[in-house]
Student: 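Questions regarding the structure given below will be posed in turn.
The figures here come from the full heavy-atom set of this structure, side chains too, leaving out hydrogens, waters and symmetry mates. Given the structure is predicted, the values throughout are model-derived calculations rather than measurements. Both counts, for ligands and for their atoms, begin at 1 and track the order of listing.
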Amino acid sequence: MHKKALITGITGQDGSYLAQFLLNKGYKVYGTYRRLSSPNFWRLQYLNIFDKVELIPAELSDSASLFEAIRISSPDEIYNLAAQSFVGASFEQPINTTDVSGVATTRILEIIRQINPKIKFYQASTSELYGGIYDHKQNEEVPFHPRSPYAAAKLYSYWTTRIYRDAYGLFAANGILFNHESPLRGLEFVTRKITNAVAKIHLGFSKNITLGNINAQRDWGFALDYVESMWMILQQDKPQDFVIATGQMHSIEELLDIAFKLVNLDYKKHIVIDKKFFRPLEVHKLCGDSSKAKKVLGWVPKVAFKQLVEIMVKEDIKRWEGWQKGERFPWDAINYPDERKTLSRYISIDD
Ligand code: NAP
Ligand code: GDD
């Protein structure tokens, strides 16, 4: 018998890579997607798995649709990856973010509790939970200090997952994942924003990139490595929470330097700093200690930072070159507006 998995947010970066990973393991994979006027299936098509997964429309704010998704798929495992995942947007849409990245987790856990408490549940928790505190590398024992509506919503989800585990004995576990990136990363996020811009500048489609706080530091890993950890977490004998990280921290300036040097350019000649990309509250440093994951799961990251940046820059260059030659393929960047055209997102306290 094939195991069955339901992935909420299968159209996102992690959802599509996890779907591919689980299909390779022999799972029957179901995924929820949002009913939009123009559905967003490009990643599933890019990975050539669109026809291999079962798609169910569901909206995180709508319990009835989540109930239907779980009833129809009757899964052994649920991976709750859907969320309003962009920290910047959570300052613009705090109420919606609180609902879909926070409260919705209880909606799903409650359905599991009521219809089949044997379903294993993975919650996409995040290093953003640590937020304002950086004394040393962050592990499972370090206290949380959220610094955005997104992080506060995810803190709620983290705790509701633990509460349903302790109160009702559900197999419910948190993966506290640090930033992970790939060529399938959304263009709003700083890594892909930079690699896409490097490709465009290199090929003469654009001259500059406009950014916010380039002093921030993150622990960036490769998304394909990270989705494997999600599966590993649900294969344990008992549910536990794990930090997943590389343990290496780099600034955005380092990222810019590496990415532009790959095409023999000096990033300093191509960046514009604009206040509209600064957040009202910043998370300055994140760096994880994933020793527990190494010891218990046997998980270690395989792709290092420099290699990750190279993979992303090369793929973005390949796409723009292909487009120039008239090739047409599922892809996000061609329809993405120049961010300088969008109005200010939120007012910083410094303004
Ligand atoms: P992503 O690319 O933004 O994907 C998010 C998914 O959620 C998309 O499929 C999106 O659908 C869906 N979604 C958003 N709002 C929804 C709603 N109201 N109802 C139903 N579906 C909705 O994010 P990701 O990078 O793959 O991350 C996956 C999860 O891990 C997220 O929960 C994120 O917060 C968390 N996380 C990510 C990282 C990271 O570095 N990537 C680190 C730690 C934790 P559309 O395609 O229609 O937009
Ligand atoms: N997005 C963006 N765009 N970020 C910028 C920019 C810009 O133009 N300029 C500077 N930054 C800085 C942000 O202020 C932040 O300090 C850093 O770049 C990283 O921003 P993002 O790439 O948007 O990621 P994030 O760290 O805020 O959030 C991501 O990682 C979290 C895990 O730590 C998301 O994937 C979250 O969903 C995830 O939980």
Student: May I ask whether Ile334 and Ile201 are part of the same hydrophobic cluster, defined by side-chain heavy atoms of I, L, V, M, F, W, Y residues being less than 4.5 angstrom apart, directly or through others?
Tutor: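 Cluster IDs for Ile334 and Ile201 match.
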Student: Need the ligand 1 atom indices (1-based, order shown) with element for anything under 4.0 Å from a heavy-atom of Thr126.
Tutor: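 Those of ligand 1 that fall under 4.0 Å from Thr126 are 43 (C), 44 (C).
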Student: Cation over ring, Arg43 on Tyr46, under 6.0 Å and within 45°?
Tutor: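 No, Arg43 does not sit over the ring of Tyr46.
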Student: Hey, are Asp62 and Arg34 close enough for a salt bridge, meaning a charged N less than 4.0 Å from a carboxylate O?
Tutor: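 Result for this pair is no, no salt bridge flagged.
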Student: Check each heavy atom of Val100 against ligand 1 and say whether those closer than 4.0 Å belong to the side chain, the backbone, both or neither.
Tutor: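 For Val100, the contact with ligand 1 is made by the side chain alone.
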Student: Would you please classify the geometry between the His270 ring and the Phe260 ring as parallel, tilted or perpendicular, with 30° and 60° separating the classes?
Tutor: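 Aromatic pair Phe260/His270 classed parallel.
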Student: Does only the side chain of Phe278 get under 4.0 Å from ligand 2, or the backbone, or both, or neither? Count heavy atoms.
Tutor: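 Neither; nothing of Phe278 gets under 4.0 Å from ligand 2.
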Student: Just checking Lys3: does its NZ atom have more than 12 heavy atoms from other residues, nucleotides or ligands closer to it than 6.0 angstrom?
Tutor: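 Count over threshold, so yes.
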Student: Would Arg279 count as a polar contact of ligand 2, with the cut-off being nitrogen or oxygen pairs under 3.5 Å?
Tutor: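 Yes; the residue has a nitrogen or oxygen that sits under 3.5 Å from a nitrogen or oxygen of the ligand.
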Student: Find out whether the Lys NZ or Arg CZ of Lys25 is both under 6.0 angstrom from the six-membered ring centre of Trp231 and within 45° of the ring's axis.
Tutor: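 Yes, a cation-pi geometry holds between Lys25 and Trp231.
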Student: Without hydrogens or angle criteria, can the side chains of Lys52 and Gln20 be said to hold a donor-acceptor pair below 3.5 Å?
Tutor: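 Gln20 and Lys52 do not have a side-chain donor-acceptor pair below 3.5 Å.
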Student: Counting heavy atoms only, name the option from Glu128, Glu282, Lys193 that's nearest to atom 8 (O) of ligand 2.
Tutor: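 Nearest option to atom 8 (O) of ligand 2, by heavy atoms: Lys193.
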Student: Which ligand 1 atoms does Asn40 reach within 4.0 Å, using its non-hydrogen atoms?
Tutor: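 Counting from 1, the qualifying ligand atoms are 45 (P), 46 (O).
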Student: Please identify which atoms of ligand 2 are closer than 4.0 Å to at least one heavy atom of Ile252.
Tutor: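 This gives 10 (C), 11 (N), 12 (C), 17 (C), 18 (O) as the contact atoms.
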Student: Quick one: does ligand 1 sit under 4.0 Å from the side chain of Arg34, the backbone, both or neither, non-hydrogen atoms only?
Tutor: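 For Arg34, the contact with ligand 1 is made by the side chain alone.
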Student: Looking at side-chain heavy atoms only, is the closest gap between Thr105 and Leu60 below 4.5 Å?
Tutor: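 Answer no - side chains too far apart.
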Student: Determine, stepwise, if the pair Phe171 / Phe121 fulfils ring-ring contact (aromatic ring centres under 6.0 Å, His included).
Tutor: CA-CA 6 Å; Phe171 192 114; Phe121 177 79; over 10 Å; no
Student: Would you indicate which of Gly9, Gly15, Ala89, Ala83 comes nearest to atom 5 (C) of ligand 1 when only heavy atoms are counted?
Tutor: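 The nearest heavy atom belongs to Ala83.
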Student: Give the contacting part of Lys154 toward ligand 2: side chain, backbone, both or neither, where contact means a heavy-atom distance below 4.0 Å.
Tutor: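 Near ligand 2, Lys154 shows nothing, with every heavy atom at 4.0 Å or more.
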Student: Only heavy atoms of Ala124, strictly under 4.0 Å: list the atoms of ligand 1 that pass.
Tutor: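 Those atoms are 29 (C), 30 (O), 32 (O), 35 (C).
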Student: Look at ligand 2 and say whether Arg147 reaches it with a heavy atom at a distance under 4.0 Å.
Tutor: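 So Arg147 does not count as touching ligand 2.
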Student: Would you say Ala58 touches ligand 1, if touching means a heavy atom closer than 4.0 Å?
Tutor: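 Yes.
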Student: Side chain, backbone, both or neither: which part of Ala223 comes within less than 4.0 Å of ligand 1 when only heavy atoms are counted?
Tutor: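 Neither part.
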Student: For ligand 1, is there an atom lying under 4.0 Å from some heavy atom of Arg185?
Tutor: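 It does, in that a heavy atom of Arg185 comes within the 4.0 Å cut-off of ligand 1.
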Student: Would you please say whether a donor-acceptor pair under 3.5 Å links the side chains of Thr126 and Tyr158?
Tutor: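 The criterion, which ignores hydrogens and geometry beyond distance, is not satisfied for Tyr158 and Thr126.
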Student: Compute the shortest N/O to N/O distance between Val190 and ligand 2 and return yes if it is under 3.5 Å, no if not.
Tutor: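 Between Val190 and ligand 2 (N or O atoms, distance only) the closest approach is under 3.5 Å.
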Student: Under 3.5 Å, is there a donor-acceptor pair between the side chain of Lys154 and the main chain of Ser101?
Tutor: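 No.
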Student: Looking only at distance, does Gly212 have an N or O less than 3.5 Å from an N or O of ligand 2?
Tutor: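 Yes; the residue has a nitrogen or oxygen that sits under 3.5 Å from a nitrogen or oxygen of the ligand.
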Student: State, without any angle test, whether Gln123 and Asn80 hold a side-chain donor-acceptor pair at a distance under 3.5 Å.
Tutor: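 Yes, side-chain donor-acceptor contact under 3.5 Å.
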Student: Establish, yes or no, whether a centroid distance under 6.0 Å links the rings of Trp159 and Tyr164.
Tutor: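 Between Trp159 and Tyr164, the centre distance exceeds or equals 6.0 Å.
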Student: Answer yes or no on whether Lys120 is positioned over the face of Tyr79, meaning its NZ or CZ is under 6.0 Å from the six-membered ring centre and within 45° of the axis.
Tutor: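 Geometry flag: not set, cation outside 6.0 Å or 45°.
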Student: Go through the steps to decide whether Thr246 and Phe222 satisfy the test side chain to side chain contact (heavy atoms under 4.5 Å, CB included), and finish with yes or no.
Tutor: CA-CA 9 Å; Thr246 70; Phe222 185 39; over 6 Å; no
Student: Ring centroid separation for Tyr33 and Phe41, is it under 6.0 angstrom?
Tutor: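 Tyr33 vs Phe41: aromatic centres under 6.0 Å.
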Student: How does Thr11 reach ligand 1, by side chain, by backbone, by both or by neither, if only non-hydrogen atoms under 4.0 Å count?
Tutor: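 It is both parts that get close, each with some atom under 4.0 Å.
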Student: Given Leu60, Thr191, Leu18, Asn96, which one has a non-hydrogen atom that is nearest to atom 19 (N) of ligand 1?
Tutor: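 Going through Leu60, Thr191, Leu18, Asn96 one by one, Leu60 has the nearest heavy atom to atom 19 (N) of ligand 1.
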Student: Give the contacting part of Glu188 toward ligand 2: side chain, backbone, both or neither, where contact means a heavy-atom distance below 4.0 Å.
Tutor: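 Looking at Glu188 and ligand 2, just backbone atoms fall under 4.0 Å.
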Student: Taking 4.0 Å as the limit for heavy-atom contacts, which would you say applies to Gln217 with ligand 2: side chain only, backbone only, both, or neither?
Tutor: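 It is neither part, as no heavy atom is under 4.0 Å.
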Student: Heavy-atom pairs closer than 4.0 Å: do any link ligand 1 to the side chain of Leu36, the backbone, both, or neither?
Tutor: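 Looking at Leu36 and ligand 1, just side chain atoms fall under 4.0 Å.
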Student: List ligand 1 atoms under 4.0 Å from Ser125, heavy atoms only on the residue side.
Tutor: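 Near Ser125, the atoms of ligand 1 are 43 (C), 44 (C).
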Student: Could you tell me which atoms of ligand 1, counted from 1 in the order shown, lie closer than 4.0 angstrom to a heavy atom of Asn179?
Tutor: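 Within the 4.0 Å cut-off of Asn179, ligand 1 contributes 40 (O).
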Student: Report the part of Ser85 in contact with ligand 2, treating N, CA, C, O as backbone and CB onward as side chain, heavy atoms under 4.0 Å; options are side chain, backbone, both, neither.
Tutor: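 Both the backbone and the side chain of Ser85 come within reach of ligand 2.
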Student: Can a cation-pi geometry be assigned to Lys200 and Phe205, taking NZ or CZ under 6.0 Å from the six-membered ring centre and within 45° of the ring axis?
Tutor: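 No, a cation-pi geometry is absent between Lys200 and Phe205.
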Student: Go through ligand 1 atom by atom and flag the ones less than 4.0 Å from a non-hydrogen atom of Leu177.
Tutor: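 Under 4.0 Å from Leu177, ligand 1 has these atoms: 42 (C), 43 (C).
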Student: Tyr150: heavy atom below 4.0 Å from ligand 1, yes or no?
Tutor: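 Tyr150 counts as a contact of ligand 1 under the 4.0 Å cut-off.
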Student: Please state which option from His180, Arg192, Arg185 has its nearest heavy atom closest to atom 35 (O) of ligand 2.
Tutor: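 Among His180, Arg192, Arg185, the closest heavy atom to atom 35 (O) of ligand 2 comes from Arg185.
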Student: Among Ser101, Ser127, Ser148, Gly186, which one puts a heavy atom closest to atom 32 (C) of ligand 2?
Tutor: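 Heavy atom nearest to atom 32 (C) of ligand 2 belongs to Ser127.
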